[in-house]
Amino acid sequence: MTRHWLMKAEPAEESVDDFLAAPAQTLPWTGVRNFQARNFIREMSPGDGVLFYHSSCAQPGIVGIAEIAGRAEPDATQFDPANKYHDSKARREKPLWSQIAVRVVRKTRLLGLSEMRSAPALESMIVLRRGNRLSITPVTDAEWRAVLTLLDRPPAV
DNA sequence: GCCAACGTTGGC
DNA sequence: GCCAACGTTGGC
C-alpha cells in the first residue's frame, strides 16, 4: 500500500537542491536518531510519497515533492566514528538505526509553516501539533491531496 | 539567544 | 519502574 510521509531536513545540512543535484536525484536519508522516526523508515515502501520540508532555517516549510526510492537498510553513519551521527552502541551485526533512499521528484513553491497553520485542511497534520519534534511523520491521503492543491495556488500568506 | 516541549539517561 | 535532570529540537 502506498503511504505518504513528511520528512524534515535542515537545508544547511542537506537541502532539496542537494537531492536534485545528486545522481538520479536520490540520496540516502541518514542520521535519524529517534526510535519513532526510525520505525517510520522501516514502514516505508518504494513509491511512497514524501513532502520535503525545510526546518531550522529562515523560511521553514514544504519545498518539494519526493518519493521513497528503496527499502530501509542499516544507516551507514552509525558505524563511522568520524561521522557526527556515529553511535558507539551500534554493531554491524546488530544495527540500531535505519536509512532509506529518497528521490526528489520536483521542487515546489515554498508552502510556509505559517501558511500551513492557516489552512483548515491541514489542521490534522502531526507536524503542526504543538511541541511536535518528530523529523518524520505520516501524512494522510486527505492531507497529501490538500497540500498538493495548496501548492497549485499562489501563496496565501 | 530564548524557551516550550519532548526524549533519554541514570540514580534509586 | 519511577522520576528528576539533562539534552535536543525547532520556531521565533
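Because the structure is predicted, anything quoted here is derived from the model rather than measured. Letters A, B, ... are given to chains in the order of the sequence lines, protein chains preceding strands, and every chain is numbered from 1.
Within the structure, a side-chain polar atom (N or O) of A:Tyr53 is placed less than 4.0 Å from OP1 or OP2 of C:dG11. Considering only side-chain N and O atoms, A:Lys8 lies nowhere under 4.0 angstrom from the phosphate OP1 or OP2 of C:dT9.
Side-chain contact annotation: A:Arg133 with A:Ser55, donor-acceptor N/O pair under 3.5 Å absent.
With respect to the salt-bridge test (charged N to carboxylate O, under 4.0 angstrom), the residues A:Arg153 and A:Glu115 do not qualify.
Each of A:Phe79, A:Phe35, A:Tyr85 was compared with A:Trp97 under the ring pair (Phe, Tyr, Trp, His ring centres under 6.0 Å) criterion, and only A:Phe35 meets it.
The nearest whole Å value for the distance from the CH2 atom in A:Trp97 to the C1' atom in B:dG7 is 11 Å. For the pair A:Leu128 CG and C:dG10 P, the computed distance is 13 Å after rounding to whole Å. With rounding to whole Å, A:Gln36 atom CD is found 7 Å from B:dG7 atom P. Between A:Met116 atom CE and C:dG10 atom C1' the separation is 14 Å, expressed in whole Å. When rounded to the nearest whole Å, the span between CG of A:Leu6 and P of C:dT9 equals 17 Å. The distance between atom NZ of A:Lys89 and atom P of B:dT8, rounded to the nearest whole Å, is 10 Å. Protein atom CG of A:Asn39 is 13 Å distant from nucleotide atom P of B:dG7, rounded to whole Å. Between A:Ile136 atom CD1 and B:dC6 atom C1' there is a gap of 17 Å when expressed in whole angstrom units.
Which of C:dT8, B:dT8, B:dT9 sits closest to the side chain of A:Phe35 comes down to B:dT8.
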